[in-house]
Amino acid sequence: MSADSISVIRVHDVLLITVPPDPDDETIAVLQEKVLLAMQRFEAKGLVLDISTVETVDSYFARTIAETSSMVALMGGNTVIAGMQASVAITVTQLGLTLGNTRTALDVDRALGMLQTAGLRRIQ
Amino acid sequence: MSADSISVIRVHDVLLITVPPDPDDETIAVLQEKVLLAMQRFEAKGLVLDISTVETVDSYFARTIAETSSMVALMGGNTVIAGMQASVAITVTQLGLTLGNTRTALDVDRALGMLQTAGLRRIQ
Amino acid sequence: MTDCHDGQININGESDIVSVRKTTREAARSIGFGVTDVTRIVTAVSELARNVCLYAGTGVMRWRGLLSHSKPAGIEITFEDHGPGIPDVDQAMRQGFTTSGGLGMGLPGAERLMGEMEIQTEQGKGTTITVRKWLRAI
Amino acid sequence: MTDCHDGQININGESDIVSVRKTTREAARSIGFGVTDVTRIVTAVSELARNVCLYAGTGVMRWRGLLSHSKPAGIEITFEDHGPGIPDVDQAMRQGFTTSGGLGMGLPGAERLMGEMEIQTEQGKGTTITVRKWLRAI
Ligand SMILES: Nc1ncnc2c1ncn2[C@@H]1O[C@H](COP(=O)(O)OP(=O)(O)O)[C@@H](O)[C@H]1O
Ligand SMILES: Nc1ncnc2c1ncn2[C@@H]1O[C@H](COP(=O)(O)OP(=O)(O)O)[C@@H](O)[C@H]1O
């Protein structure tokens, strides 16, 4: 799966990125850069990384996710990881990895919901 | 008590698992996997582990509970441990164990209530 | 309560830990321990039996009732294995020390739960751990 | 399921890690591992293949099905490289130890995920790491 195939979708002021099923290291690196540049261009306040089709999260991938989410935080945005498969969650934990402080959601709908609510709270 | 005897019950979008009274290590490991796969299949947002009949929580069991709850968190779900016996709570504490950040409730009713409230809060 | 208050059970693998717990629970109850102390004792043996499985593979647990003025006064439980032994007992007793990626709470925790613990160990020969708990004077 | 259960794949750079994962996924599935174990195995090889790329540049992965009473019983995977070798294996196996600014979770994590791991290494000669996972008895 090549880096070109990664699509960035805007949902109001949130960016939704669907990570391809089995990305190579290069694709993951490109994805990170693409996400950060898009956050800036669209002045997005949040990022949802949909990893529901991803079958393998190894330490390189986990580190890049945690790193991306702290970069987004530096820019003032929130990141939510959506749809991690059960087998991936089991493996990641056994491997001893964490995603840093990145928030998680069962699916994209709920992830978008979390960022909306967070937004509303901030406005009130 | 064998792993087959573990039942998973759905209460709206929360899964309720009753842990058998004296599970062996294998049963505990199978329980973990069963719970995670059920979370994914039913798109559940929360998990209640009813341990009210459990008479012994040693470090292996406590570690597996903490681990399961962080796996569920990676998937975007919340875990509540319900019904720990007083003698077990005393022993676990003296042994020096924690359940990580897993939340606890006196009984299943209250545990379900906690997960419902969390959901309502998010929607409002 | 004058009947035979001792017994032993072989530990050949993790599936035997359940029998170890069951036997100990009944023994501790029959000696007269209350529910919280029974839970403490059973949890301690669960830790020690798992260590036998993890570090020595197999071993044996022996238990006996302790008497004072020919009345039940406590329980003594011994775990014996012919595994690798513990090279540095002080280190092994430290909270959080583990050679297996465990929590390192088993040995120090078992001592706290039981009150008394003795470790005899020789490298390459094996390990014998004895724990004792006394019924409260009251 | 009696067809040829072995194979090998060259690792010449990071872009080969994807093929390593794909090959391993199919192999593990055909041997009969369930979805969670397949994920564990694929993740472990992903770590070990990346180590070959990072520390040795190139290498090879070999895999074969393990049999018991002529039935599929597990998988064995070997990574061989002619890189610099690992000077201190105990140190390299420690959680968090890294010489590359990585997370230092690859080797200890792969052992946990697979269950069995052997490391043969000689400084200046290279490293051979073998991991094995058995189908559960049930
Ligand atoms: N029966 C035994 N034989 C050999 N080594 C043992 C035995 N019991 C404990 N040990 C050693 O002592 C260490 C600490 O044990 P413990 O406190 O129970 O924690 P854990 O089992 O979680 O590592 C173990 O990691 C092991 O190295
Ligand atoms: N194939 C190898 N050849 C040489 N050194 C290796 C090899 N694999 C691992 N190592 C060494 O072991 C260390 C720990 O590896 P690992 O636990 O996978 O963590 P990481 O790769 O994140 O550093 C590496 O930093 C490296 O020094």
Side-chain angles (χ1 to χ4, degrees), chain A residues 14 16 19 46-59 61-63 65-66 69 78-124, chain B residues 3 6 8 10-15 17 25-26 28-49 60-80 99-103 115-124:
Chain A
V14 171
L16 168 60
V19 181
L47 168 67
V48 175
L49 280 180
D50 176 8
I51 60 165
S52 59
T53 67
V54 172
E55 293 181 321
T56 321
V57 173
D58 62 9
S59 63
F61 194 174
R63 185 166 60 142
I65 290 177
S69 132
N78 292 305
T79 303
V80 181
I81 305 295
M84 187 184 289
Q85 294 183 14
S87 54
V88 173
I90 292 171
T91 302
V92 160
T93 307
Q94 280 197 341
L95 198 50
L97 304 176
T98 64
L99 300 180
N101 297 318
T102 322
R103 287 194 295 164
T104 52
L106 279 167
D107 52 37
V108 168
D109 271 7
R110 285 179 172 128
L112 290 171
M114 281 163 72
L115 291 173
Q116 288 314 121
T117 317
L120 286 177
R121 245 189 237 131
R122 213 181 290 144
I123 290 157
Q124 276 162 3
Chain B
I6 301 165
V8 178
R10 271 175 79 191
V11 184
H12 301 290
D13 45 5
V14 170
L15 294 184
I17 278 96
D25 295 5
E26 174 70 18
I28 294 172
V30 170
L31 181 128
Q32 183 179 68
E33 197 171 335
K34 200 162 174 170
V35 163
L36 273 284
L37 293 174
M39 288 291 295
Q40 179 178 345
R41 188 166 62 241
F42 299 124
E43 298 181 347
K45 71 169 190 204
L47 168 67
V48 175
L49 280 180
Y60 176 79
F61 194 172
R63 184 164 64 141
T64 312
I65 289 178
E67 220 180 60
T68 307
S69 130
S70 43
M71 290 170 179
V72 168
L74 280 176
M75 296 174 65
N78 292 305
T79 303
V80 180
L99 301 180
N101 296 318
T102 322
R103 287 191 297 163
L115 291 172
Q116 288 314 119
T117 318
L120 287 176
R121 242 187 242 134
R122 214 180 291 149
I123 290 157
Q124 277 164 1

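Throughout, a chain's letter reflects where its sequence line sits, starting with A, and its residues are numbered from 1.
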A:L106 and B:E43, any side-chain heavy atoms less than 4.5 Å apart: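 No, side chains not in contact.
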
How many angstroms lie between [atom1] in [X] and [atom2] in [Y], if you round to the nearest 0.5 Å?
X: B:M75; Y: A:D107; atom1: CE; atom2: CG; result: 10.5 Å
X: A:M84; Y: B:M39; atom1: CE; atom2: CE; result: 13.0 Å
X: B:L37; Y: A:S87; atom1: CG; atom2: OG; result: 7.0 Å

Chain A contact via B:A38 - side chain, backbone, both or neither, heavy atoms under 4.5 Å: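 When you check distances to chain A, no heavy atom of B:A38 falls under 4.5 Å.
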
Qualifying residue, where the test is side chain to side chain contact (heavy atoms under 4.5 Å, CB included) with B:L74 and the options are A:V92, A:V88, A:I90: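 Result for side chain to side chain contact (heavy atoms under 4.5 Å, CB included) with B:L74: A:V92.
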
